[in-house]
Amino acid sequence: MKKILVVDDSKTILHKASRVLESAGYEVVTAEDGFEAISKVMDFQPDLMFVDIMMPKIDGYQTCSLVKNNRQYRGTPVVMVSSKDGLFDRARGSIVGAEGHINKPFSEADLLGAVERFTAESAAG
């Protein structure tokens, strides 16, 4: 069973994403900020992370960068999630190592499609 970590400061988004992913058969853990996410990465060792860009304390870019700069976890795919869809935001996500980007509000198809795409890519190598 694939393990997915969803990081967002919105309880509504966390609930929606968890419901969609769990009903599709994935194991889901959530975190409300980047600090909590880093400890959950170590404990849970997810196969994929969805990380909101705009969060208090440590934003999504910093969270992604911390994961990608850790030798043990750098292979974990990170998909940035944001209501901002600008070229700058996508480029900045790529610079910190994110594999992808989905927009809020996301649909079930957006979320599940990202899981299939990015966990298949990471498994392929």
Side-chain angles (χ1 to χ4, degrees):
M1 176 184 300
K2 291 180 182 144
K3 299 185 291 184
I4 301 171
L5 175 60
V6 181
V7 186
D8 201 301
D9 59 331
S10 164
K11 290 185 186 311
T12 303
I13 296 292
L14 292 176
H15 178 73
K16 177 183 178 182
S18 294
R19 183 181 43 79
V20 168
L21 295 167
E22 287 171 350
S23 68
Y26 300 108
E27 184 178 351
V28 180
V29 168
T30 61
E32 293 185 19
D33 62 51
F35 281 124
E36 185 181 3
I38 297 306
S39 70
K40 297 241 173 135
V41 167
M42 292 185 288
D43 294 340
F44 186 58
Q45 299 187 7
D47 297 303
L48 175 69
M49 295 176 62
F50 286 101
V51 181
D52 182 29
I53 291 175
M54 303 292 289
M55 294 186 295
K57 300 178 186 171
I58 298 178
D59 70 19
Y61 299 122
Q62 293 166 314
T63 302
C64 180
S65 182
L66 287 167
V67 170
K68 294 300 185 171
N69 284 314
N70 181 301
R71 187 176 324 181
Q72 186 173 352
Y73 305 112
R74 73 174 49 140
T76 304
V78 176
V79 176
M80 305 305 286
V81 181
S82 180
S83 55
K84 298 167 62 175
D85 185 29
L87 181 61
F88 174 79
D89 299 306
R90 288 178 182 269
R92 188 167 175 204
S94 292
I95 288 168
V96 296
E99 280 75 12
H101 181 106
I102 62 172
N103 297 328
K104 288 181 185 177
F106 51 81
S107 67
E108 286 187 30
D110 293 334
L111 207 57
L112 297 174
V115 172
E116 289 307 312
R117 177 176 174 205
F118 296 109
T119 58
E121 286 178 9
S122 69

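By convention here, the first residue in the shown sequence is residue 1.
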Does the K2 side chain pair with the main chain of V115, one donor and one acceptor, at a distance under 3.5 Å?
no
By side chain to side chain contact (heavy atoms under 4.5 Å, CB included) - contacts of E36 (at least two apart):
A31, E32, D33, K40
Between F50 and D8, does the side-chain contact (heavy atoms from CB on, under 4.5 Å) criterion hold? Intermediate values first, please.
CA-CA 8 Å; F50 286 101; D8 201 301; over 6 Å; no
Where is the tightest heavy-atom contact between G97 and C64, given as atom of each residue plus distance?
C-SG, 4.0 Å
Distance, nearest 0.5 Å, that separates CG of L14 from OG of S10
6.5 Å
Which Ile, Leu, Val, Met, Phe, Trp or Tyr residues join F88 in one cluster when any pair of side-chain heavy atoms under 4.5 Å counts as a link?
none
Considering the options D47, T76, L48, which one meets the side-chain contact (heavy atoms from CB on, under 4.5 Å) requirement together with F118?
L48
Can you list the residues that meet the side chain to side chain contact (heavy atoms under 4.5 Å, CB included) rule with R74, with sequence neighbours excluded?
R71
Taking the hydrophobic residues Ile, Leu, Val, Met, Phe, Trp and Tyr, and joining any pair whose side-chain heavy atoms are under 4.5 Å apart, which ones share a cluster with M42?
L5, V7, V29, F35, I38, V41, F44, M49, V51, I53, M54, M55, I58, Y61, L66, V67, Y73, V78, M80, V96
Do K57 and D9 make a side-chain contact, defined as non-hydrogen atoms from C-beta onward lying under 4.5 Å apart?
no
Enumerate the residue pairs fulfilling side chain to side chain donor-acceptor pair (under 3.5 Å) with a member in residues 14-27, sequence neighbours excluded, ordered by first and then second residue.
Y26-E116
So, taking the atom named OG1 in T12 and the one named NZ in K104, what distance separates them when rounded to the nearest 0.5 Å?
10.0 Å
Sequence neighbours left out, what passes side chain to side chain contact (heavy atoms under 4.5 Å, CB included) with N69? Give chain and number order.
S65
If you define the side chain from C-beta out and look only at heavy atoms, does anything of D52 sit under 4.5 Å from I13?
no
Value for CG (L112) from CG (L21), rounded to nearest 0.5 Å, stands at 6.0 Å
In terms of heavy-atom contacts, does CD of E108 have more than 12 from other residues, nucleotides or ligands at under 6.0 Å?
no
Pairwise distance CZ(R92) to CD1(I95) - rounded to 0.5 angstrom
8.5 Å
Looking at side-chain heavy atoms only, is the closest gap between H101 and N103 below 4.5 Å?
yes
Find out whether D89 and S82 are in side-chain contact, i.e. whether some heavy atom of one side chain is under 4.5 Å from a heavy atom of the other.
no
